[in-house]
Amino acid sequence: MAPVGVVLAAGRGRRYGGPKAFVRTDSGETWLERTCRVLLDGGCGSVLATLPAGSDDPGLAGVSAVPLATEGLSDSLAGALESLEPDRPAVVMLVDLPDVTAAVVRRVLGAVDTEDPAVLARATYDGRPGHPVVIGPAHLGPLRADLAGDSGANAYLRAHGAAQVECGDLATGEDVDRPR
């Protein structure tokens with residue numbers, strides 16, 4: 001069964017000046033559209049996107065939207081994990097990673113056994129941990145219970161020995177927090 005992609009895009013984008021999900025690329029595509037396409041092209045069967053509370057469903061093929069009122073990354077991730085089917089692995093990605101492509105998603109998925117319910121892996125960029133992150137069904141509940149603040153899943157991934165898949169030759173994995 002193909003994993004479900006998860007786009008964390010529910011943040012208000014305070015440092016950016018507005019929600020990053022709706023920022024447009026030079027080609028006119030929103031960051032949300034781009035990230036969903038990257039996950040689908042990278043091997044996900046469908047995508048679930050968290051959006052800021054009050055947002056309209058973007059109407060993208062293969063994408064379900066979950067509007068959330070969040071106070072940080074952990075809230076967005078917890079809301080997404082709660083909305084997932086309990087028997088499918090998830091491939092989690094932030095909405096503000098402009099140079100992470102489908103090739104990165106394919107590499108990470110190709111390096112692990114997504115049929116293993118305990119799979120846990122993440123992309124690294126020159127050894128620095130990043131996204132996408134693959135979370136097997138066995139980790140969905142425990143990870144959700146472990147989330148707090150604005151730190152996301154980093155501590156959980158370290159504590160549970162997430163496999164690291166080097167992708168620094170494909171992208172920098174740098175997120176964009178402020179307009180350039």
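The side-chain contact (heavy atoms from CB on, under 4.5 Å) test applied to L157 returns L120, R122, V133, A153, A162, not counting sequence neighbours. Partners of E85 according to the side-chain contact (heavy atoms from CB on, under 4.5 Å) rule, which considers only residues two or more places apart in sequence or in another chain, are D87, R88.
D96 and P98 get closest at one heavy-atom pair: O-CD, 3.2 Å. Nearest heavy atoms, A10 versus S76: CB-OG, 3.6 Å. Y125 approaches A171 most closely through the heavy-atom pair CD2-O, 3.2 Å. Taking every heavy atom of both residues into account, V108 and P132 meet most closely at CG2-CG, 4.2 Å. Closest non-hydrogen pair, A2 versus G43, comes out as CB-O, 4.0 Å. Of all non-hydrogen atoms in G59 and D57, the two that sit nearest each other are N-OD1, 2.8 Å.
Contact check for P86 versus L140: no side-chain heavy atoms found under the 4.5 Å cut-off. Looking at heavy atoms from C-beta onward, V7 lies out of side-chain contact with W31 at the 4.5 angstrom threshold. Under the 4.5 Å side-chain criterion, counting only non-hydrogen atoms from C-beta, T30 is not in contact with P58. Within the 4.5 Å cutoff, side-chain heavy atoms of V4 are placed close to those of L84. With contacts defined as side-chain heavy-atom distances shorter than 4.5 Å, the pair V176/V23 does not qualify. Looking at heavy atoms from C-beta onward, V105 lies in side-chain contact with L39 at the 4.5 angstrom threshold.
Rounding to the nearest 0.5 angstrom, the gap separating the CZ atom in R158 from the CD atom in Q164 is 10.0 Å. Interatomic distance, OG1 of T114 versus CD1 of I135, reported as 13.5 Å (0.5 Å rounding). In this structure, CZ in R37 is found 11.0 Å from CG in L60, a value given to the nearest 0.5 Å. Summarising the geometry, atom CG belonging to L68 is positioned 5.5 Å from atom OG1 belonging to T50; distances are rounded to the nearest 0.5 Å. In this structure, CG in L77 is found 10.0 Å from CG in D75, a value given to the nearest 0.5 Å. The line from CG of L97 to CZ of R34 is 8.0 Å long, rounded to the nearest 0.5 Å.
D169 and R107 are joined by a salt bridge, as a carboxylate oxygen and a charged side-chain nitrogen come within less than 4.0 angstrom of each other.
Under a 3.5 Å cut-off, the side chain of R106 and the backbone N or O of D41 do form a donor-acceptor pair. Here the side chain of H131 pairs no donor or acceptor atom with the backbone of G173 at under 3.5 angstrom. Panel note: side chain R128, backbone G168; no donor-acceptor pair is recorded below 3.5 Å.
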Passes side-chain contact (heavy atoms from CB on, under 4.5 Å), L147 versus L81? Steps please. CA-CA 11 Å; L147 292 170; L81 296 178; 4.2 Å; yes

